[in-house]
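We're numbering straight along the sequence, starting at 1. Scope of the values below: all heavy atoms of this structure, side chains included, with no hydrogens, waters or symmetry mates.
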Amino acid sequence: MTVINFAQFCIATMLVGIYFWGFKLGSNPFSLLREQLVAPVLFQNPDYLNFPKIHEGNDLNTLLQNYWMVIHPPVLFLGFASTIVPFAFAYAGLVNKNHDWAKTALPWAAFSGAVLGAGIMMGAAWAYESLSFGGYWAWDPVENASLVPWIIMIAGLHCNLIYKSTGYSLRSTYFFYIFSFILVLYSTFLTRSGILGDTSVHAFTGADMTVQLVSFVLVFFIPVITLYIIRYKSIPAIKKEESTYSREFWMFIGSLVLFLSAILIIAKTSVPVYNKIFGTNIAPPEDPEFSYNQVQVFIAMIIGILTATTQYFKYKDTPNSFFGKKIWLPTLIAIVISACISLFGNIDFEKKGIGFLVAIHVAIFASVYAIVANAGYIWIVLKGKLKVSGASVAHIGFGLVLLGVLLSSAKKNVLSKNTTGIAVFKKSKNEDPSENITLFRGLATDMGRYMVTYVKDTFNAEERKRFFEIDFKAKESKEQFKLYPDLIKGNKGMEGFSANPSSKHYWYKDIFVYISAYEENNKEDTTTYRTHVLKVGDTLFYGNGLMILNKVSKSPAEQKARYAADELAVFLDFTVISKDGRRYAVSPGIAIKDSSLRPLPDTVKSQSLVLRFDKVDPATGKLSVSVRESSAITDLITLKVYEFPMINILWIGVMVMVIGFILAIIQRVRTLNPLVKV
């Protein structure tokens, strides 16, 4: 308990908020605004609590105004906190030179792996549901800082299992449990110190506690690593090398691969730290996601194959005939399934080169192999006994996660190709106008497989959200649905809007939509009509193209909804041709009754055009038409639409993996105390 109590003491120092000789120790979360704000006159007013700025507050950051805010952070924090238990066992073992703790630590390590893993993936679900980068994982530095301790904990858990069964890998178990907790402290430093700057959307700064955060890391790291080095030779280790046909050998190789993955991730994530310490200016990669993916895809291949095959080995040694007899059928099934996915799954992710595409296909085989082989192990070796198959179930879940990531990412498709030719914003690192379609209110627009209509929007003043109703209608089927993405207005002191996506969920895919730009034309329209005199066959030019007068129609039946039965109507049939070759039909008219004349203007909203038929010159027969080019005739939005095929495999995999961890925890607790009923 000493280690846990000391950690609680260190955390408490960060909540004190007391000055010692000019140094502020911690930040008091209970301090009042009047004690922090330099505005003494304001608080002399006895009614100051009713001032809007104070009464209403600044609200949460718009990205945090989501129900996941009350789910993801507590679970993630529990996962972080739980890593101290295996760490405390390891530290006590080093201090006391007693190494019997390893068996007792197993369920705690499994608990930490389950909760921390679930917390991380809850964050992925939050990002997918609420953020507009179009995905669930962006290799953000703070995402990475939470992932790395989990990877190290899983490596430690497997080494712990090796030691329990064979006596090997106790030194590695110590090492991984120690560094899993140390990396949790390091991730706290990265997030709270502000050192990540603009490289992460998660990082934040408040009171400057950099010195305390660094001290928090070092006060644990230096003593334990010193003790580990001193005690290293006294930690029991078997000198005989493991057989390459043993389970412990390949489990240890897998742990080393996980450790390598963690080192590569944390090294890239820590670039801002290197820059700060050494005064360098190492720039982040131009494509951060691919800089990680191009390496981690190979890690996924190795881990997937090891996850599939390792359980078929026995501890200490395995006869060749036993391994081959058990593994051949799952291998054959995995080859057939993955080949079908590769051949018929339309996986043509070639924008990063043919080499990366081949790596994706191999990784798909590895993930399918992990699923099939572990399911086969439960059936063939464990005879379907789920109570003792926690590890295999967790491995199946992990394989499903890998497969879901590969399929949803490699087959991710942008549906919102710009078919209108209208670019509301310029190309940037985050958005490309060619992948965003502009919609005008009430106008159905061709978006490849769908006709999409921006129907309406409503504003919720209390939540500061504007909800948009977007109608999707498939062109080649009866499929039709509505989505409701929204924009939330920035809170006080923040400009602009933040986009909240909306998704249509199918069992085999998601349609993911968010608003990338919005223009509300609530300003006064100051444009005027320009009058032109023309005859049938004449051409008029406007800012974005031309229009041709095709014919004049008298009271046409197709326009009868626009004029009364006792009126005489005359309509002009125009074809508007924009610069990009798009054609629009427009028919301004006039309705005549007795001696009065009523204009019937018509619009081309996507071209911001209004045409009005004014009169006919009886002497010459020429027609007077007025044209107005106005951006105020309608609201417009720019929409980004993704298709994520098979993304539900990912979420199912997370749930299966957590279930596997729970089964493993129950099994380990029963092993420790057979009398305990879990």
Side-chain angles (χ1 to χ4, degrees), residues 102-103 106-107 109-111 113-114 117 154-155 157-169 242-243 245-255 303-338 365-403 649 652-674 676-678:
K103 187 176 180 180
L106 262 176
F111 175 82
I154 298 304
L157 176 61
H158 284 80
C159 286
N160 197 341
L161 286 167
I162 294 172
Y163 175 71
K164 173 185 170 295
S165 300
T166 66
Y168 286 101
S169 299
E242 303 99 319
S243 167
Y245 266 79
S246 66
R247 182 183 295 187
E248 62 269 24
F249 176 82
W250 292 108
M251 284 176 69
F252 182 70
I253 294 297
S255 297
I303 293 298
I305 293 171
L306 289 175
T307 302
T309 57
T310 300
Q311 285 194 100
Y312 285 87
F313 288 100
K314 292 183 177 183
Y315 284 112
K316 298 186 179 179
D317 197 20
T318 308
N320 291 351
S321 58
F322 175 86
F323 179 76
K325 182 180 178 181
K326 300 292 185 181
I327 198 67
W328 76 266
L329 183 58
T331 303
L332 179 62
I333 294 172
I335 290 172
V336 172
I337 294 174
S338 58
F365 163 73
S367 59
V368 171
Y369 197 16
I371 297 165
V372 173
N374 279 278
Y377 186 83
I378 295 172
W379 181 258
I380 298 170
V381 180
L382 300 180
K383 308 300 181 183
K385 298 176 183 177
L386 287 177
K387 288 184 179 181
V388 294
S389 61
S392 296
V393 172
H395 291 161
I396 291 171
F398 180 72
L400 287 168
V401 168
L402 281 182
L403 184 62
I649 295 176
I652 292 171
V654 173
M655 291 185 284
V656 172
M657 186 165 62
V658 171
I659 291 170
F661 272 113
I662 293 171
L663 291 173
I665 293 168
I666 294 172
Q667 181 187 353
R668 296 302 166 190
V669 171
R670 283 176 172 166
T671 303
L672 287 174
N673 188 352
V676 174
K677 293 183 179 181
V678 182

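Atom OG of residue Ser338 and atom CD1 of residue Ile371 lie 10.5 Å apart, to the nearest 0.5 angstrom. Between Leu306 atom CG and Trp250 atom CH2 the span is 7.0 Å, to the nearest 0.5 Å. Taken to the nearest 0.5 Å, the OG atom of Ser169 stands 14.0 Å off from the NZ atom of Lys164. In this structure, Phe111 CZ and Leu157 CG are separated by 13.5 Å, a value rounded to the nearest 0.5 Å. Taking OH of Tyr312 as the reference point, atom CG of Asn374 lies at 7.0 Å (rounded to 0.5 Å). To the nearest 0.5 Å, atoms CG (Leu400) and NE2 (His395) are separated by 13.0 Å.
A side-chain contact (heavy atoms from CB on, under 4.5 Å) with His158 is found for exactly one of Ile162, Ile154, Asn160, namely Ile154.
Closest non-hydrogen pair, Ile378 versus Ser392, comes out as CG1-CB, 3.5 Å. The shortest heavy-atom contact between Phe661 and Ala114 is CB-CB, 3.4 Å. Nearest heavy-atom pair across Met657 and Ala394 is CG-O, 3.7 Å. The shortest heavy-atom contact between Val372 and Pro330 is CG1-O, 3.6 Å. Nearest heavy atoms, Tyr315 versus Leu161: OH-O, 4.1 Å. Here the closest heavy-atom approach between residue Tyr377 and residue Gln311 is recorded as CE1-O, 3.0 Å.
Environment of CZ in Phe323: crowded, with over 12 heavy atoms of neighbouring residues, nucleotides or ligands closer than 6.0 Å.
No cation-pi contact links Arg247 to Phe313, judged by a cut-off of 6.0 Å to the six-membered ring centre and 45° from its axis.
Proximity of a side-chain donor or acceptor of Asp317 to a complementary backbone N or O of Ser243 within less than 3.5 Å is not detected. When atom types are taken as modelled, the side chain of Tyr369 and the backbone of Gly304 share no donor-acceptor pair closer than 3.5 angstrom.
You'll find the side chain of Phe398 reaches within 4.5 Å of the side chain of Thr307, heavy atoms only. Inter-residue side-chain proximity for Lys387 and Gln667 is flagged as unmet; no heavy-atom pair is nearer than 4.5 Å.
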